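Index from 1, following the sequence. Since we're looking at a predicted model, the values are computed, not measured. All values below come from the heavy atoms of this structure, side chains included, with hydrogens, waters and symmetry mates left out.
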Amino acid sequence: MKKSVFLAAAFCIAGATFAQDVLTSKKGMPILPEAGDYSIGIDATPFLDYAGNMFNGNTNNTAPGFAYGVDRPFAVYGKYFIDANSAYRATFRLGFGSNSNKNMVQDFSSGAGADDMVEDKFAASAMNITLGLGKEWRRGSGRLQGIYGGEGIINLNSGKTTNEYGNDFDDVATGPGDSRVLETKNGLGFGLSVRGFVGVEYFIAPKMSLGAEYGYALGFNTQGYGESTVEVFDGTSSEEITAEDQGTKTTGFGLDTDASGFNIKFNFHF
């Protein structure tokens, strides 16, 4: 009986000791990520270049800045830790942009004077969306952690330009067959990749690590035909003509290691 009680107590003490074996800094701060932690990753290249140039005599060394990872251009990359050994990964970019400019030109309408002006307008817009979701697992109880897992990433992109002219084309066209562009649309671009990955992460400070990974991906991408609308003068009047299936349609497919996925990242956990 005494022997059984002793063994049970020994197992309890060992379990408590193991549970409390958390890697901490000299100030008692946990070094490795914990359940509920978030992480954001940035490209470490500017910082590593800066550190290297400090020792090679480069007099044009510029201060490093935060940058997106080269494998996820302009996309935010982060993690949410389910527990100390697994995390969800997310990639996010929701990009919409537009710009325009205006230009004053001479008014060529009937009855206009030499100093009369009208306004030409140009506008451009673009859309670029990247969304990714995956899961990673990790091994190792020290500062050096091995990581592996899988994720899927999709991308959508498109663009359009528009011209608005202050002069009627009938007033500025020089002869039959003259044309001017009113609108161009890029074909919708779509990309999809599913990848497995393996890599390492080393914690250089509490909740701060350098990481790198290789991936093996199945990828598909396509870019559709564009569309353009032009105004054409036939000698007496002008008309708008919309032409579909403009430009080049591209489709790509591949299954290979994604070498571009190997870039060193800073990961900040909080």
Side-chain angles (χ1 to χ4, degrees), residues 18-25 29-48 66-96 127-157 189-221 254-270:
F18 179 78
Q20 294 172 2
D21 187 17
V22 177
L23 186 63
T24 60
S25 67
M29 297 178 61
I31 292 176
L32 304 179
E34 304 169 292
D37 279 1
Y38 290 89
S39 168
I40 186 169
I42 63 169
D43 188 8
T45 304
F47 298 89
L48 298 178
F66 285 79
Y68 297 99
V70 296
D71 57 329
R72 292 173 171 82
F74 301 106
V76 177
Y77 164 76
K79 306 177 188 179
Y80 172 74
F81 283 82
I82 308 165
D83 53 47
N85 298 312
S86 61
Y88 291 119
R89 296 160 56 119
T91 301
F92 177 81
R93 179 186 182 186
L94 191 59
F96 298 93
M127 176 269 289
N128 200 313
I129 297 173
T130 301
L131 298 173
L133 187 63
K135 189 174 182 180
E136 74 170 37
W137 291 266
R138 56 183 56 226
R139 295 179 61 86
S141 56
R143 290 177 179 265
L144 182 62
Q145 303 267 297
I147 61 172
Y148 61 95
E151 64 183 343
I153 301 175
I154 64 171
N155 175 263
L156 295 171
N157 64 83
F190 172 77
L192 171 66
S193 65
V194 180
R195 66 188 294 266
F197 58 85
V198 61
V200 294
E201 196 170 343
Y202 185 80
F203 284 81
I204 57 177
K207 303 298 181 77
M208 185 185 300
S209 66
L210 279 172
E213 67 184 47
Y214 282 108
Y216 191 74
L218 172 66
F220 170 80
N221 65 83
L255 176 64
D256 203 351
T257 52
D258 54 349
S260 64
F262 177 71
N263 68 298
I264 299 177
K265 288 190 178 75
F266 269 127
N267 295 297
F268 300 93
H269 305 77
F270 48 90

Side chain to side chain, L210 and K265, heavy atoms closer than 4.5 Å: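 Answer no - side chains too far apart.
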Taking the side chain as every heavy atom from C-beta outward, state whether L32 and Q145 have any atom pair closer than 4.5 Å.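 Yes - at least one pair of side-chain heavy atoms lies under 4.5 Å apart.
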For P30 and P206, work out which heavy atoms get closest and say how close.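 Reported closest heavy-atom pair: O-CB, 3.6 Å.
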Aromatic ring centroids of Y38 and Y80 under 6.0 Å?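 Ring centres of Y80 and Y38 closer than 6.0 Å.
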Contact list for residues 191-210, test ring pair (Phe, Tyr, Trp, His ring centres under 6.0 Å), sequence neighbours left out: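 Ring pair (Phe, Tyr, Trp, His ring centres under 6.0 Å) check on residues 191-210 returns F203-H269.
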Excluding sequence neighbours, so at least two apart, what forms side-chain hydrogen bond (donor to acceptor under 3.5 Å, both in side chains) with [X]?
{"X": "D37", "value": "K207"}
{"X": "T130", "value": "N155"}
{"X": "T91", "value": "R72"}

Report the residues that fulfil side chain to side chain contact (heavy atoms under 4.5 Å, CB included) with N85, sequence neighbours left out, ordered by chain and then residue number.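 Side chain to side chain contact (heavy atoms under 4.5 Å, CB included) check on N85 returns D83, R138.
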Qualifying residues under salt bridge (charged side-chain N to carboxylate O under 4.0 Å, His left out), relative to R89, sequence neighbours excluded: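 Partners of R89 by the salt bridge (charged side-chain N to carboxylate O under 4.0 Å, His left out) criterion, ordered by chain and then number, come out as E136, E151, E213.
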Using the ring pair (Phe, Tyr, Trp, His ring centres under 6.0 Å) criterion, which residues pair with F220? Sequence neighbours excluded.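 In terms of ring pair (Phe, Tyr, Trp, His ring centres under 6.0 Å), with neighbours along the sequence ignored, F220 is linked to no residue.
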Can you sort out the partners of F190 under ring pair (Phe, Tyr, Trp, His ring centres under 6.0 Å), two or more places apart, ordered by chain and number?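 Ring pair (Phe, Tyr, Trp, His ring centres under 6.0 Å) list for F190, sorted by chain: empty.
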Test side-chain contact (heavy atoms from CB on, under 4.5 Å) on Y77 and I40 and set out the steps. CA-CA 6 Å; Y77 164 76; I40 186 169; over 6 Å; no
